[in-house]
Amino acid sequence: MKPWSLSLQSHYRQTTMTLAIFWRVTRQDGQVYGWVEHDRDRVIDGVTYRASAGLQASAAQSTMDLQPGTLDVTAFLDVSSEADLEAGVWDGAQVTIFEARWDVLPTAVDAAQCNIVLHGRLGNI
């Protein structure tokens with residue numbers, strides 16, 4: 001069982017929830033970017049999660065063995081350029097997709113305060 005906070009556990013039992021999906025991308029150079037599927041920007045742990053269509057999942061595949069899964073996403077050129085993509089600045093970036101309450105934001109992205117849905121690395125873009 002995931003180690004969610006009592007507040008998050010209680011929230012999941014409600015008939016109406018205030019959850020949003022957040023994307024956190026940390027490039028190899030340490031730059032951190034965030035997006036949220038919501039109508040307003042949100043800040044968690046000093047990172048502004050932009051309310052934009054910067055990243056959108058289109059298909060996901062996971063495996064039952066130790067092989068890596070895949071996730072197809074649209075490009076996020078709202079914070080980058082084609083030159084950056086060609087230079088490989090996004091290659092190998094860490095990606096964490098999580099859901100959290102947008103009305104009572106967590107103080108950090110951790111397993112107790114957020115439901116981490118997916119964590120992995122980008123391949124070569």
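Values below: all heavy atoms of this structure, side chains included; hydrogens, waters and symmetry mates excluded.
Remark: Val43 pairs with Thr48 by the side chain to side chain contact (heavy atoms under 4.5 Å, CB included) rule, at least two apart or across chains. By the ring pair (Phe, Tyr, Trp, His ring centres under 6.0 Å) test, Phe98 is found to be paired with Phe22, Tyr49, residues two or more places apart in sequence or in another chain being considered. His11 pairs by the ring pair (Phe, Tyr, Trp, His ring centres under 6.0 Å) definition with nothing, not counting sequence neighbours. With sequence neighbours excluded, no residue satisfies side chain to side chain donor-acceptor pair (under 3.5 Å) with Ser10. Asp29 pairs by the side chain to side chain contact (heavy atoms under 4.5 Å, CB included) definition with Arg27, Gln31, not counting sequence neighbours.
The CD atom of Glu37 sits 12.0 Å away from the CG atom of Leu19 when rounded to the nearest 0.5 Å. Rounding to the nearest 0.5 angstrom, the gap separating the CG atom in Asp84 from the CH2 atom in Trp90 is 8.0 Å. A distance of 6.5 Å separates CD in Gln94 from OG1 in Thr96, rounded to the nearest 0.5 Å. Here the CG-CD1 distance, from Asn115 to Ile21, works out to 8.0 Å after rounding to the nearest 0.5 Å. Cys114 contributes atom SG, which lies 13.0 Å from atom CD1 of Ile97 (distance to the nearest 0.5 angstrom).
Applying the ring pair (Phe, Tyr, Trp, His ring centres under 6.0 Å) definition to pairs two or more places apart or across chains, those involving residues 99-125 are His38-Trp102. Residues in residues 85-101 take part in these salt bridge (charged side-chain N to carboxylate O under 4.0 Å, His left out) pairs, two or more places apart or across chains: Arg101-Asp103.
Under the 4.5 Å side-chain criterion, counting only non-hydrogen atoms from C-beta, Arg24 is in contact with Val47.
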Next on the checklist: Between Gln113 and Thr107, is the side-chain contact (heavy atoms from CB on, under 4.5 Å) condition met? List the steps.
Outcome noted: CA-CA 8 Å; Gln113 299 182 65; Thr107 56; 3.2 Å; yes
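The backbone N or O of Asp41 lies less than 3.5 Å from no partner atom in the side chain of Arg50, so there is not a single donor-acceptor pair.
The two atoms that bring Val36 and Ala20 nearest to each other are CG2-CB, 3.8 Å, heavy atoms only.
Note: the hydrophobic cluster containing Val104 does not contain Ile116 (ILVMFWY, side chain heavy atoms under 4.5 Å, direct or indirect links).
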